[in-house]
Amino acid sequence: MATHRATPPDLAGYVLGILDPGQAESFEVHLRECPQCRAEVEELREVPALLAVGDTQVEVPGDLHARTFARIRADEAPTAEPPLVLPRLGHRPSGASPARSVRIGPRARRLASAAAVAATVIGLGGGVTALIRTGDWGNGVGAASIASGENEPPTEPGATGAPVTTLSLVAPRNGRQHGAVTIRTTAARRVVQLRVTALAPPGAGHRYVCWFVGRRDTHSRPDRVVIGSFVTDGSGRATPTFTTAADPTRYPLVDVTNEAGGVNPQKRGPKVLTAPPHRDSDVGPEVRQRGAD
Amino acid sequence: MLTRLVVDSALASLSAAHREVLLLSYRGDLTQPAIAQVLGIPLGTVKTRSYHALRALKSALAERGVHGDASRYAP
C-alpha cells in the first residue's frame, strides 16, 4: 500500500481531467494502491463539475489577458503558427470510484494554436470581449476620431470594466497607409492591438516602431515611449499585439515611425502613421517618409 | 440559477492565482503544460497551484452550502 506525505503532483490534473492519457493511466495505477489519494480524489471530484455550473462572467484577474497576449506574441513565428497546445484525447477521472458517476460538462474544444488560447482567455471574462468586438478593423479607418470605450459591450455582471480605446491611424500628408489600434487598459498595463494596411515593408535594416506619445511630443523634442516594433509583410499588412505598462494619462496618443535597426529606436525616424487630428501640426517638412509610399 | 451564483461567488472569493489556473484548466480546456506556457510559470507550480485551488474552491463552496453531487446542479 502506497503512502506518502506530499500530494502527488498529478492529482489535481487528474481530477480536472486535463492529464494526457499516459499520465492519467499512471495515476490510476497509483490510485489503486493508495487509499489516501482515492479519498482525496473522491473528495475533490465534484468540484470541476460545479465549475461547469458557474457562469462565465466571473472576473478574471486583470492582467491575465495581458500576460496571455504577451506569451502569444512571444510564441508567434512570422511564417508558421506553432502549435501551443497539442490535441489530446479526452480523459475523465473514472477509475477511483466506479460506483459513482460524475457528470462533467462537455468540453469538446481541442485547442491547437496560440490564437485559440487567446480566444479562450478572452472568453473567460465579459470585459475582454470588448477587445474582440473592437477588433472590427474595417471600421473607422481614416475617420480621424478617438472612440473611447464606445465599443464596449453592455455592462455585464463580473465584467472587468477596463476601458477600451480605439484609435484610427492615418498617414501624414494623405498617404494611403492606414491602420487602427485598440488599447485595453487594465490595472496593471495596456494591451495594444495594432493593425496596419498598405504599409510597405520598412526596408533592409529598418523596422516600424509603435509609440505611445505625449501631447508635447515634437520631432525635435520627442516625448514618447516604445510600445513595440514590427515589420509588415509583402502585402503591407501587420497585426501585432503588444503589452506595455506606460501610463495612459501620460501618453495618450499613438504614432508609428520607421526606425533604423538596432535594439533601441532613436526617436528620429519618419512618422508613417499617426492618430489624427492631434498630431497633424507635428508633421513638418523635416519629416521624411521612407518605406511608406 | 442560484447555484450558478453561488459557484461564481465561490470562484470570486479565491485568490487571483487560484482562479486563473482553474479557469484555464477547466473552462479553457488547456493542458497543464499549456497553462504553464500561458502564465509563464513552471509546470510544477501549475500542478501544485491547481491542487490548492481545487481545495480552496471546495472549501469556498462548502462555506456557501454547496456540497457534492454536481449532477443536481448541472445546466
query: Quick one: does B/Lys58's side chain have a donor or acceptor within less than 3.5 Å of a partner on A/Glu43's backbone?
result: yes

task: Check A/Leu50 against B/Val7 and note the closest heavy-atom contact, atom names and distance.
output: O-CG1, 3.4 Å

task: Please report the closest heavy-atom contact between A/Gly13 and B/Gln32, naming both atoms and the distance.
output: CA-NE2, 3.5 Å

message: Quick check on B/Arg55 against chain A: is it the side chain, the backbone, both or neither that has a heavy atom closer than 4.5 Å?
response: both

- request: Can you tell which part of B/Ser50 gets under 4.5 Å to a heavy atom of chain A, answering side chain, backbone, both or neither?
  value: both

task: Take A/Leu44 and B/Tyr51, measure what side-chain contact (heavy atoms from CB on, under 4.5 Å) needs, and give me the verdict at the end.
output: CA-CA 9 Å; A/Leu44 292 174; B/Tyr51 171 74; 4.1 Å; yes

task: Kindly compute the distance separating CG (A/Leu11) from CG (B/Leu54), expressed to the nearest 0.5 Å.
output: 8.5 Å

